[in-house]
Amino acid sequence: MKKILSITGLTIDSQLMHGSHRIVNDLSFELEQGETLAIVGESGCGKTMTALSIFGLLPENCTASGTVTFDDCNLLSLREKELSRMRGIDFVLIPQSGADFLNPGLKVRTQIYETLKRTGIKDKRILEKTACDLLNSVSFQNPDSIMNKYPFQLSGGMAQRVVLAMGLTFSPKLVISDEPTRGIDSNTSMAYLKELTSVFSDSGIVIITHDISVADYCKNIFIMYAGECMEYGDCTRILNNPSHPYTKSLIAALPINGFSLNSRKASIPQDFLNTGCTFYPHCPQSTKKCQTDKPEKQIIDQTKVWCHHVKS
Amino acid sequence: MSDITKKIISSILCLAAIIIINFFLPRLMPGDPVLMLTGQNEESISAAQYQSFEEKLGINYPVSIQFKNYLVNLFSGDLGYSYHYNDTVANLMKNRIPNTLQLAIPSILLASILGMFLGCTMGYTKKQRLDKSVTTAFIIINAIPSFLLAMVIVTFFAFKLRLFPLGGLNSIVVPHHAILAFGDRIKHLILPISTIVLLSLPPKYMMVRNTVKSATKEKYVLYAKARGISSFRIKFVHIFKNVCPPFITLVGLNLAFVISGSMITEIIFSINGMGELLYEAAIYRDFPTLQGCFFIISIIVILANILTDITCVMVDPKQRFGFYESN
Amino acid sequence: MLKVENISKDFKVGFRKKTEKILDDISFYIKPKEVVSITGNSGSGKSTIARIISGTIKPDQGNIFYRGNLLISPNQSFSTEYRKDIQLIPQQPFLSLDPKQKVGDAIAETILAHGLSPSKKEAAQQVNALLEQVWLPCQLANRYPSQISGGQAQRIVIAKALALNPKLLIADESTSMLDILAQAQIIQILLNLMTKYGLSILFISHDKPLVQAFSNRIYHLSEGKLILQNKE
Amino acid sequence: MKAIKRTSFKKEFYSLYFGIIIMIVFLLWSILPGIFSPYNPKEMFSPWLAMSLSHLLGTNDMGYDIFSELIYAASRTLFTGFCAAFVSLIIGTTLGTLSGYLEGWAGEGLDFIINIFLLIPTLPMMVVVAAFVGPGTFNIILIISLLGWCSTARAVRARTKQIKHSPFVEALTISGISEKQIVLKHIIPNLSDVIFAKYIMSVASCMLMEATVSFMGLGDPTHVTWGSMINFAFSRGGFSRGVLNWYLPPGICITLCVLSFYYINSHFEEKSKIVVNEEQSYMD
Amino acid sequence: STQKTIDSMVIGTTMDIQSISRSDYYYNVLSGTLTHLALVRLDENNEIQPMMAEYSTADNGKTWTFVLKDGLKWDDGEKVTAEDVKFTIEYLDKMENAGRMDKLEAINIVNDQTIQLVYKTANIRALNDLTTLRIIPKHIFENVTDYAGFKDDAAAIGCGPYKFVRFDADAGVLEFEANPDYIGGKPNIKTINVKLFKNTDTMYMALKAEEIGMVYFYAGGIDPSAAADLKSSGNITLTEVQDTSNPLVLIFNNEKTPVNSLPVRQAIAKGIDYEKCRELFGSEYSIPSNYGFIPKSNEGYIDTAALKLDIDGAKKILSDAGAIDSNGDGILEINGTPLDLEILVRTDKPVYARVGELLQSNLKAIGINVILNSVDVPTFRSMTETEHTDVSMLSRFTSFGMNMGAGMSTSYLDGRLKSNAQGQIMDPAFASIVDKLKAATTMAEYDQAAKECQEYYAGSVPAIALYWDVYLQAYNSKYDNFTIDGTFGIVNQQTWYSISQK
Ligand SMILES: Nc1ncnc2c1ncn2[C@@H]1O[C@H](COP(=O)(O)OP(=O)(O)OP(=O)(O)O)[C@@H](O)[C@H]1O
Ligand SMILES: Nc1ncnc2c1ncn2[C@@H]1O[C@H](COP(=O)(O)OP(=O)(O)OP(=O)(O)O)[C@@H](O)[C@H]1O
Ligand SMILES: [Mg+2]
Ligand SMILES: [Mg+2]
């Protein structure tokens, strides 16, 4: 299979008043055609930032380094103009929280149409029809009335679905969907995931989520903690048989498992530990070694794990 | 739509207030109301004239009757008589409003379009240096006194380069052919219009630039970029739509400004317009003309106000749908 | 504790007097120390119920009683004396934060506005405590909303609501952007408060397993009607 | 990782330094004009001297040293400009915000007042007011600020209406924040872009307004300001003689003054977007 | 090569012409140089010459007889008759409140072309007043009741060398064409366009750019500060016109302290730097003024002592009058009251403020403190002309105004006049001189009174003329041979027959 995206050593720094602060540290993963990858991690660990850095849309005070290879070119070194030509055609971002991302001053119709126009459709009737189809596919019963509304007239979930529908307009090589199922009932979200994978069967799909059931749907899973990778590999294998302590605690905290919490406090450390495992302060198994040495990549069952306690 | 009804009611009240002020001001101000209303001074007026003025104005009737007469006159289009110009105020205005509008309307349109265009571009651009230099340029323009700017424009374009005429609205001999005459008029209008545009552009530019600048941080801009929407569309459709209301208000206000504030331009370019009329009336204390101008400008401002408010409601869907009315 | 009787709500759509019925004759109640959940399809009107109870929009019909007193009716707006008691955690966290205010200040402001702390200094301490409670590092307090992640924003909003020690908490999709661990943490906090201070919760969510796991009663909202569902 | 990256901000400082230096110079000029000016501003030399070492900017129609006049004019000009703009800004923002925020007849009533003031054509009103109170710096400030606030008020009102309808204001109400605080602490800071744009523009206009007022023959010609210097240059043949060294410097001073103000402010605006990480502020 | 027929010329002016109504002050003035005629005119030596009519007098100036020239016709073809003259005097009295009828005992029409004016008292200077009485056609105006509002083209019908063609307010252009039937023959220029400017600078630019042939303003010249620039531009000629007005006067209100004391006034007269005044404010041809106040070219001028800066003299006068600086602030006091001289200046003319500043620094040297009080025009007018609340002021006396009434500027300075009197001389000695001037029946008698008047001015210093100006009129150098007239300058009825073009 063809490799669509390969990221090596992605690091994101943000510039704050009194110096810089690292958000993402040395991430590497790759994506093949037709592959779906779930990025799972606690909130604030840098998932959205990773996605934005691929698109060149980081906020002004943040910079990315490393290489993001897409179609044989390094996206990080492209200029804004070239990137903006590719955005929405070669790769697509479906953002987290639809209502925040829709322009409150424009009708849904305008916003869908202008997205569709990017794909080359000009005819009014075809536009209308395609838009209706798209909205239907995210379980809207009467697409026409939705299109005539302004974002503030939509409910949170409806806005989210509108954004999802817009994400389906393209035929890109790469789709990154940031928490697509937030605020949508499970039937709709499953239907949507099916639609997503069937529409983009030839592209690579990255789904950022914290919903294990959504992650279950994917082929590979990438588990992040505080801007670093913890475990990366086949999805079912990892979920059924987690090896990293962080993954284990994640699964233990699921509602079906009774919200059980291992001892943990503040979510992300503000400064990266130059030495040692990032997770060690919260790790139930932490030892002296975790504190001093960075864990090396271990490979168990084709799964990459960064932990001292796992032996291949 | 009840918002608009409210607006119209308050505008009518406003107009009423203006009429009342207009009526009572000369009658309450220190000094002789007859002299005040005729714009004459004591020396130049004989007793007989005084008496005839007094009769004409009906000053010695009770105030209620005077007010009734005043209203009747006003609504029949009689704005009074200017003894300085020896003409009815309505006539004076009739001659000058078209001239001023010829200047005002293109200037407002141009200034708004340019202000919006440059403001959006500079507020959105990532090129800090470009933004800073353009903004600096506008601050500089804003700091040039209007008469100096007008003079510099005349000296340079009309006198040094001889590209445009030095003033007036027509050549001394107007060409007979309609198209040529029109061209002649256009040629005469270019410099004064550019002056007014330059004068009224900086505030608009600054307002748009600043609001756009803070709007670029909004999430919807990020998503629009992510969808690959062209930056042109982001600037002029997405962001602009949301910074519109204060801008529209500013443009609406400008109408009144251009009509009374084009004074300097009209003086320098020797144009017979409202600004010039207002200036002279003020200098000579020609109260009837002042009153008339005041009244007409009030009506224009009120209309502009209604118009901008309606446009704001149209543009801002939250207001249109009475988003907040329901609570 | 809270009784909702026969609430209806229409929304204006389009230019003329065209309206759409969103809520149709809704009634339910919440007892102290109870978690009541509302589920329903997206767009069914759950957030609208939340907004009506929290007093940001008025119902077209019906009454809401709080502790036996009339709280809201079509011609009575939310009385400020209950402001502290009833708190809403809105669905869209970014939109409900002032873009020009640091998030820490937003929380401190709420605390100070209700006189829950005598000085600014103490308010700052309370803010830190609250942030810790929702698993946020206290450095985050100094950021602007545009500089935090979605889940962080959601937790800020939760902290802001908890700051007032409300008696009734309306949580509108409040854990939707959180990772499982944080979600579990928040739920545990809520359960704790419930037992300790008699907090009641109106929980609005899609997450069936979550809802099943900890609510006393579950309502389902569909086509403007509210239907009680028994716990499975 | 803790390395402090400053290079990208260094350039920002140039305009800040520029602004601060200019501002300091002008402030010193206005506090201690005697120290900087080579001559008494009313000392007469021969008129129309060109620029030279003994007269840096030459002399004007009366033989006054233009440079000295420029320095002595600083205090009154700065005072007029900043004061008038400030007063009109305060009035405009207050009324604009209130009329935009308040619902019902209170809001409409304020809007009504704004409209009434808007309707008063500035120019004739100035003539009338100037006739009653007489020319003078204080009166000019009074007139400019009393008539200049309306446009600020209108623009502010429009923006307030817009902000008022945003969800975060709704959220604030739910948190039980008093209306007063919502307006003061939330709406007004979000108006800052509109207000600041207005202020920057009106400082210069106020400084110049005085020149225009005297151009119309309503000013106080016995006090020098930068505006009135330009005006004198214009009315006393400086323009037709092409005496650039007379009418340009005051114009440049006005511009520099506004620019420095703008640069200083925009620097801090930029700064405030990058967050203080070490100390906590919590609303002070 | 010079030619005597010129196709067209454009005159630029900043005179504020609003309409062609006869009541429009500046149009009326302009028409007097082109389309309308008066019975008599003033020539370049300020002597009366016949214009429409030959005149003769009897009874020491009580009766004046005018015989209209042959062949005078209105532009619409009607003949000009004595009836028209009578009608004009009566009509304008009614409409403009001109006040001539009060002075007249009778107007007798002798025949179609002869008319006799009989005055109530003998007035040797009666003709002065008639130079601005432009005769209008009776057949047009007899039915016009709204004199001021009559702006029809017919209002412009005259009998002069030019005919009115059109007034284009938008372009600011008045067009006149040569009247072929005029008795004086065809003027040299076929079409004259008057272009109205609202701003002098653009007008000068237009002159330099040869868009206009000359600039003109009634009873005034170009701005002295622009003279150097116009002169150096190469294609413009400046002509001097002897001014009979006083362009800059410091006037005292003799009823107010401190200027009610003669020594103070005399000291002030010696304390002013007249040379500097002329250098800064006058044109380069300006003439030093005398104590006698009345400019040289006026009727009845006599030589008096020249005004000169004399600081020591001024100080001496003041100390003789008992002024001492007791508190050491540099300002003298008389009987404990400091010598504060309040000077009223009007804000519309920045030059007055400048003059005020000069006086301030001049008079400081002799221990007088000048306070400048700037007010706008209407306030200035009401303070000086109606209320007389000023202490002293700067003003300008026009030639016509100085000749009004008894002449010799008395209508400005005589305190007995309630209105327009800017100075306030209540002195009975002055009053008797004024009465003498009024009662003069021969020119010799008048000149004698004029002499006394100027001596009075010199002795009592009620007002100081800072300098006597010679004003400059500018035109394109391609034109030549203008005729100069005391009242109108270079634009007058005679000019159209002498002018030539290179
Ligand atoms: N201001 C408004 N004007 C008009 N219609 C509105 C407005 N706000 C919401 N609606 C409509 O009301 C309905 C219910 O909205 P609500 O936000 O309550 O849904 P919800 O149940 O919370 O859905 P979700 O789970 O997707 O958040 C939606 O159909 C929406 O389009
Ligand atoms: N502009 C910014 N400047 C500095 N730090 C930022 C900025 N924006 C976000 N961050 C920080 O970067 C980290 C990663 O943010 P990101 O949005 O990627 O989180 P996330 O993994 O998407 O979380 P969530 O699931 O909550 O959305 C967070 O700690 C956040 O506080
Ligand atoms: Mg995120
Ligand atoms: Mg909702």
Side-chain angles (χ1 to χ4, degrees), chain A residues 48 51-52 54-61 79-108 110-119 148-153 159 162-163 166-170 172 175-178, chain B residues 116 120-132 208 211-248 311-327:
Chain A
T48 305
L52 291 180
I54 296 171
F55 286 79
L57 289 174
L58 284 176
E60 266 175 61
N61 62 334
R79 265 181 294 134
E80 170 67 21
K81 245 200 185 140
E82 292 156 322
L83 275 171
S84 92
R85 207 174 324 115
M86 292 166 81
R87 282 185 213 131
I89 289 185
D90 287 335
F91 42 73
V92 169
L93 174 75
I94 304 168
Q96 185 175 18
S97 172
D100 299 349
F101 280 83
L102 287 174
N103 188 338
L106 296 178
K107 275 187 185 169
V108 170
T110 326
Q111 304 193 46
I112 293 188
Y113 279 11
E114 68 182 2
T115 321
L116 281 173
K117 279 183 193 150
R118 285 276 292 158
T119 61
N148 280 334
K149 285 186 174 176
Y150 285 91
F152 65 89
Q153 294 176 304
V162 167
V163 169
M166 278 200 250
L168 297 175
T169 49
F170 308 99
V175 182
I176 300 183
S177 181
D178 195 351
Chain B
M116 183 197 102
C120 281
T121 314
M122 294 305 144
Y124 184 75
T125 187
K126 276 204 170 139
K127 293 174 195 147
Q128 292 277 335
R129 216 183 277 159
L130 179 72
D131 168 34
K132 212 158 211 172
V208 177
T211 23
V212 167
K213 203 163 180 98
S214 58
T216 29
K217 308 262 173 333
E218 306 262 343
K219 290 257 189 297
Y220 65 81
V221 177
L222 188 76
Y223 182 44
K225 276 193 207 166
R227 281 184 290 159
I229 305 296
S230 67
S231 67
F232 181 86
R233 223 185 131 80
I234 296 181
K235 278 183 280 196
F236 297 113
V237 178
H238 284 252
I239 297 182
F240 184 70
K241 185 91 197 270
N242 288 294
V243 302
C244 238
F247 179 72
I248 291 174
T311 333
C312 278
V313 170
M314 288 302 176
V315 171
D316 188 352
K318 288 191 187 172
Q319 290 187 41
R320 168 143 41 108
F321 287 100
F323 185 66
Y324 253 69
E325 236 171 37
S326 49
N327 70 356

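Labels below follow one simple rule: chain letters A, B, ... track the order of the sequence lines, proteins then strands, and each chain is numbered from 1. Because the structure is a prediction, the values reported are computed rather than measured.
Of the listed residues B:C244, B:A226, B:S231, the one with more heavy-atom pairs under 4.5 angstrom with chain A than any other is B:A226. Annotation: maximal heavy-atom pairing with chain B below 4.5 Å, among A:G167, A:G105, A:G88, occurs at A:G105. Chain B forms more heavy-atom pairs under 4.5 Å with one residue of A:R87, A:M166, A:K81, A:R85 than with any other, namely A:R87.
Heavy-atom distances place no part of A:I89 under 4.5 Å from chain B, backbone and side chain included. Residue A:P151: no heavy atom, backbone or side chain, is found under 4.5 Å from chain B. With a threshold of 4.5 angstrom between heavy atoms, A:L52 approaches chain B through side-chain atoms but not through N, CA, C or O.
For the residue pair B:T125 / B:D131, no side-chain donor-acceptor distance below 3.5 Å is found, with atom types taken as modelled.
Using a 4.5 Å cut-off on side-chain heavy atoms (C-beta onward), B:L222 and A:F101 make contact. In this structure the side chain of B:F247 never reaches within 4.5 angstrom of the side chain of B:T211, judged on heavy atoms.
Atom OG of B:S230 is separated from atom CD of A:E114 by 8.5 Å, given to the nearest 0.5 angstrom. Atom OG1 of A:T110 is separated from atom CG of A:N103 by 9.0 Å, given to the nearest 0.5 angstrom.
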